[in-house]
Every structure is written in structure tokens, then in C-alpha cells.
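All remarks here apply to the structure that follows.
Everything numeric here is computed off the predicted structure, so don't read it as measured data. Residue indices begin at 1 and follow the sequence shown.
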Amino acid sequence: VYYDYGRVRIDAGVATNTLALFYAWERGKDLAQTFQWVHDILRDRTYVANGTKYYEADFFLWLLTRLLRLSNDHELHATIGSLLKERIQERFGLEGDALALAQRIIVADFFGIRDEVDFRALLPLQKEDGGWGVGWMYRFGMGIRIGNEGLTTALAVKAIELMRASEPPISM
């Protein structure tokens, strides 16, 4: 989805959010070509190294998890669930800002996986005021990036809550 008729581009993040809306209302089949395109991006790893043009890789994977959370479609879960689980594990331990680390932890938790490596990297990024710095989620043009400190902090807190909730019990 891109609103410039002079330059045809499709934004993977907007496409994924559109799929989430349609699947939430049980109309995902209406966007079969869009789903196939997003699936191909996930399968071929073109979301890495500016592959999606706009979204950071971890943000894209987080959006796909949001799609799965919003849908009860078994075919959707069967088609991208295991692939997404594999792709998020490939990203464990890679460099990332607080937003990317938190998103990896949240996506991993969706699949019942504890991402200890990124959790350990996330904690020291907390600022003195209790928040986390700007996490980058979108880019366009010549190096222009959009980020949000509030979203980063909210997802970092959520990631910490998820990790603490899934801690193995201490045996005595």
C-alpha cells in the first residue's frame, strides 16, 4: 500500500496491518495475494537488510505476531506460525535498540520461547528516568527514521513482565 501513483511501492508493514484487520474480521481470504506477498517476505528473509524498505526487521516480525494474535484462522497459523517462530529465533542475540530487543522477547514469548540473550541486553538500556530511549520502527527517504520512546518503554516493560512470568520456579 503506497499512495503515490507515480511510484508504485507496497509497504510490508501497512500490508501486514491490513491483513490483521481483515483476518480479525474473518475476511483474510479476501487478501490472498497480499498474504502471499507478506508470506514470501517472511520465507525469503527479505525483511532483513532493508528488505522491506520501511520497517525494521524486528518490527516487521512483531507486526506478523500481531496478525496471528488477532486471528483464529488455523490455516494462517499453520502457514506462517512455524516459519515466524524460526525467523525470530534467528534474530536472538543480534544487535538492536531497546524496541527491537523488546519485540524479539514478545514474539518469542508468543511461541513459548524465552529469549534470555535479548532480555539480558535490554535491561541495561533502561534510562535513569525509568524509561527506554527512542526505538526505531520506520524509515524512509535518505536515512530518515521514525521512532517513539513511549512505545519502546511500553514494549520493554511488557517484555520484562513476560520474562518474569515465564521464569522457571526456584527449587529449594
Side-chain angles (χ1 to χ4, degrees), residues 12-17 19-21 23-24 28 35 37-52 54-127 130-139 145-171:
V14 172
T16 303
N17 279 329
L19 285 169
L21 174 68
Y23 273 96
F35 173 76
W37 181 72
V38 169
H39 177 263
D40 291 348
I41 289 172
L42 180 63
R43 183 195 64 221
D44 299 338
R45 295 178 182 87
T46 52
Y47 57 87
V48 179
N50 301 330
T52 61
Y54 304 105
Y55 284 85
E56 299 296 335
D58 297 299
F59 199 83
F60 176 68
L61 298 178
W62 179 74
L63 289 173
L64 284 172
T65 303
R66 183 175 170 272
L67 166 62
L68 291 177
R69 282 186 200 281
L70 292 172
S71 174
N72 294 323
D73 186 290
H74 299 294
E75 187 178 335
L76 171 71
H77 283 260
T79 304
I80 67 169
S82 61
L83 188 56
L84 179 55
K85 180 179 179 180
E86 182 181 315
R87 295 298 181 258
I88 197 61
Q89 290 177 86
E90 293 170 355
R91 300 209 42 88
F92 289 179
L94 296 179
E95 190 175 319
D97 60 26
L99 180 62
L101 299 172
Q103 288 171 325
R104 284 182 213 154
I105 293 165
I106 292 168
V107 173
D109 182 78
F110 178 79
F111 293 105
I113 303 166
R114 289 180 55 81
D115 180 1
E116 297 284 350
V117 174
D118 290 321
F119 181 60
R120 285 191 302 273
L122 175 65
L123 294 177
L125 297 179
Q126 188 173 18
K127 297 180 350 180
W132 277 261
V134 173
W136 303 108
M137 54 188 160
Y138 197 82
R139 64 181 168 273
R145 298 187 304 171
I146 297 174
N148 186 292
E149 192 170 314
L151 176 64
T152 302
T153 298
L155 292 184
V157 168
K158 180 66 175 176
I160 291 168
E161 289 173 351
L162 291 170
M163 288 297 287
R164 290 200 172 136
S166 68
E167 283 182 296
I170 299 171
S171 58

* Report yes if some heavy atom in the side chain of Val157 is under 4.5 Å from a heavy atom in the side chain of Trp132; otherwise report no. => yes

* To do: Could you tell me whether the side chain of Leu70 reaches within less than 4.5 Å of the side chain of Leu21, counting heavy atoms only?
  => no

Measure the spacing between [atom1] of [X] and [atom2] of [Y] and express it to the nearest 0.5 Å.
| X | Y | atom1 | atom2 | result |
| --- | --- | --- | --- | --- |
| Leu19 | Arg66 | CG | CZ | 11.0 Å |
| Leu155 | Ile160 | CG | CD1 | 11.0 Å |
| Ile106 | Phe111 | CD1 | CZ | 13.5 Å |
| Ile88 | Thr65 | CD1 | OG1 | 6.5 Å |
| His77 | Leu67 | NE2 | CG | 7.5 Å |
| Asp97 | Leu122 | CG | CG | 10.0 Å |

* Option among Ile105, Leu64, Leu68 that satisfies the side-chain contact (heavy atoms from CB on, under 4.5 Å) test with Phe110 -> Leu68

Would the distance check show the side chain of [X] and the main-chain N or O of [Y] forming a donor-acceptor pair, the cut-off being under 3.5 Å?
| X | Y | value |
| --- | --- | --- |
| Asp44 | Thr46 | no |
| Trp62 | Leu99 | no |
| Arg43 | Ile80 | no |
| Ser166 | Leu162 | yes |
| Thr152 | Gly135 | yes |

* To do: Show your reasoning for whether side chain to side chain contact (heavy atoms under 4.5 Å, CB included) applies to Lys127 and Glu149.
  => CA-CA 11 Å; Lys127 297 180 350 180; Glu149 192 170 314; 3.0 Å; yes

[X] to [Y] - nearest heavy-atom pair and separation:
| X | Y | result |
| --- | --- | --- |
| Glu56 | Trp136 | CG-O, 3.3 Å |
| Gly131 | Thr153 | CA-OG1, 3.6 Å |
| Gln103 | Asp58 | OE1-C, 3.6 Å |
| Ala15 | Trp37 | CB-CZ3, 3.9 Å |
| Pro124 | Ala121 | CD-O, 3.4 Å |
| Asp118 | Gly93 | OD1-N, 3.2 Å |

Just checking [X]: does its [atom1] atom have more than 12 heavy atoms from other residues, nucleotides or ligands closer to it than 6.0 angstrom?
| X | atom1 | answer |
| --- | --- | --- |
| Glu75 | CD | no |
| Glu167 | CD | yes |
| Asn72 | CG | no |

* Ion pair present between Arg104 and Asp115, side-chain N to carboxylate O less than 4.0 angstrom? -> no

* Answer yes or no: is there an ion pair linking Arg164 with Glu161, defined by an N-O contact shorter than 4.0 Å? => no

* Can you check side chain to side chain contact (heavy atoms under 4.5 Å, CB included) on Leu151 and Phe59, steps first, answer last? -> CA-CA 12 Å; Leu151 176 64; Phe59 199 83; 4.2 Å; yes

* **Tyr47 and Arg87: CA distance, side-chain angles, deciding distance, side chain to side chain contact (heavy atoms under 4.5 Å, CB included) verdict** => CA-CA 10 Å; Tyr47 57 87; Arg87 295 298 181 258; 3.0 Å; yes

